[in-house]
Amino acid sequence: MTDTGNEVILRVEDLRVRYEKSRSIWGTPRYSEVVKGVSFDIRRGETFGLVGESGSGKSTISKAILRQIPVIGGTISFEGERITDWKEKNIPLSYRRAVQVVFQSPRLSLNTRMLARDTVAEAVSFHLGLRGAELGRQVDMLFDDVGLPRYLGDRYPDELSGGQQQRVAIARALACDPRMLICDEAVSALDVSTQAQVIALLRRLQQERGLSYLFISHDLGVVRNLCHSVGVLQHGKFTDIGSVSDVFERPANQYTRDLLDAIPRLPGRMAPIGAV
Ligand SMILES: Nc1ncnc2c1ncn2[C@@H]1O[C@H](COP(=O)(O)OP(=O)(O)OP(=O)(O)O)[C@@H](O)[C@H]1O
Ligand SMILES: [Mg+2]
């Protein structure tokens with residue numbers, strides 16, 4: 001995929017995050033730094049892929065962007081505003097709306113006792129304040145947008161397939177009209193054909209809405225298919241970062257080359273969009 005040349009929407013500069021590992025017998029905390037000076041940009045309407053082995057710090061970076069964990073160094077800016085300057089208690093709702101997240105397991109992120117329709121309606125009514133027929137119309141529109149037949153709204157998550165559950169989670173994330181989606185292994189739990197359909201959906205939503213994605217994945221094949229640029233993370237640092245074509249065709253680092261050698265051959269074409 002070629003770069004769009006659009007403006008930078010998210011800039012991460014020299015980000016450092018640590019977690020408390022243990023305490024000494026005197027109660028002094030010992031830390032382990034898991035993100036060690038990471039920098040990257042995401043442009044509007046583009047997808048940045050974050051890949052790397054388990055424990056390399058991918059989700060930690062996403063949590064820092066969502067301001068769910070403190071950062072010890074570096075800065076994160078969204079649409080030119082330095083969000084790492086905000087105090088924890090003063091994160092504006094407008095930012096919470098602008099950046100939404102979709103996780104690996106929709107089964108865990110959805111309320112199992114809530115009908116699919118109500119899950120989406122709750123988000124729409126909270127963020128947009130809609131009620132009654134207007135709310136119903138907006139929910140229908142979101143179901144249509146994510147390729148989910150409306151009758152599935154009367155089902156609980158357990159009565160939906162994994163792909164359908166993920167579409168409900170995406171519809172809920174879109175309820176507040178975000179500008180960026182963080183997809184943390186959002187297609188990893190799906191079988192290959194369902195995965196291809198959800199990826200096709202993400203690509204269509206990106207084109208229609210100009211969305212930017214931070215796409216976290218173990219699967220380099222998927223990243224190559226969907227992303228414009230990519231960062232390969234190992235022990236909290238990038239071993240390679242750049243456009244997908246640069247990193248995949250001319251990896252600078254042996255770790256990246258080893259990861260690339262492990263990719264199975266890519267399918268030639270994506271499955272069609274549809275409810276799965
Ligand atoms: N809340 C926490 N407290 C302490 N350590 C943590 C915490 N969350 C994550 N870690 C540690 O930080 C490191 C990075 O974790 P992170 O979840 O960011 O990895 P990841 O790249 O997302 O892995 P995976 O691919 O398995 O999801 C790991 O060593 C992990 O054990
Ligand atoms: Mg993770």
Side-chain angles (χ1 to χ4, degrees), residues 10 12-24 27-40 42 47-76 83-84 88 91 99-110 162 165-166 169-170 173 180-192 195 198-199 202 213-227 229-241 244 247 251 253-256 258-264:
L10 183 91
V12 174
E13 285 177 291
D14 199 23
L15 179 69
R16 290 171 187 276
V17 182
R18 67 183 184 189
Y19 291 116
E20 190 178 315
K21 196 166 63 172
S22 57
R23 280 179 183 258
S24 72
T28 318
R30 294 194 186 96
Y31 296 100
S32 114
E33 197 167 318
V34 299
V35 178
K36 303 168 183 163
V38 159
S39 304
F40 61 97
I42 305 182
T47 304
F48 182 84
L50 199 49
V51 297
E53 63 201 353
S54 183
S56 55
K58 304 180 297 295
S59 296
T60 300
I61 292 173
S62 74
K63 287 177 190 160
I65 294 168
L66 292 162
R67 291 293 319 263
Q68 291 172 347
I69 48 170
V71 307
I72 54 158
T75 58
I76 302 172
I83 67 153
T84 35
E88 221 173 302
I91 317 264
V99 183
Q100 288 286 303
V101 62
V102 178
F103 293 107
Q104 174 167 8
S105 173
R107 174 75 180 66
L108 294 178
S109 68
L110 297 175
Q165 289 173 0
Q166 199 57 297
I170 294 169
M180 173 171 282
L181 275 191
I182 295 179
C183 301
D184 191 346
E185 303 282 5
V187 299
S188 305
L190 306 173
D191 68 70
V192 173
Q195 199 178 62
V198 173
I199 288 167
L202 290 173
Y213 296 136
L214 174 61
F215 189 84
I216 297 175
S217 179
H218 284 95
D219 187 334
L220 273 80
V222 169
V223 166
R224 182 178 210 165
N225 234 320
L226 183 72
C227 299
S229 41
V230 60
V232 181
L233 203 62
Q234 187 190 29
H235 306 313
K237 282 184 182 168
F238 282 138
T239 57
D240 269 284
I241 178 168
V244 162
V247 171
N253 187 279
Q254 185 57 43
Y255 174 72
T256 311
D258 292 344
L259 278 184
L260 291 172
D261 286 345
I263 316 181

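Ligands are counted one by one from 1 in listed order, and the atoms in each one are counted from 1 as well.
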If you compare all heavy atoms of [X] against all heavy atoms of [Y], which two are closest, and at what distance to 0.1 Å?
{"X": "Gln234", "Y": "Thr239", "result": "OE1-CG2, 3.5 Å"}
{"X": "Phe238", "Y": "Ser39", "result": "CE1-O, 3.4 Å"}
{"X": "Ser109", "Y": "Ala169", "result": "OG-CB, 4.5 Å"}
{"X": "His218", "Y": "Gly52", "result": "CD2-O, 4.1 Å"}

Exercise for review: Could you tell me whether any N, O or S atom belonging to Ser54 is less than 2.8 Å from the Mg ion (ligand 2)?
Suggested key: no

Check your understanding: Taking the side chain from Glu33 and the backbone from Arg16, do they hold a donor-acceptor pair closer than 3.5 Å?
Key -> no

Practice item. Pick out which of Ile69, Ile61, Val38 makes a side chain to side chain contact (heavy atoms under 4.5 Å, CB included) with Val17. Key: Ile69

Check your understanding: With hydrogens left out, which residues have an atom under 4.0 Å from ligand 1, given that only heavy atoms count?
Key -> Tyr19, Val34, Glu53, Ser54, Gly55, Ser56, Gly57, Lys58, Ser59, Thr60, His218

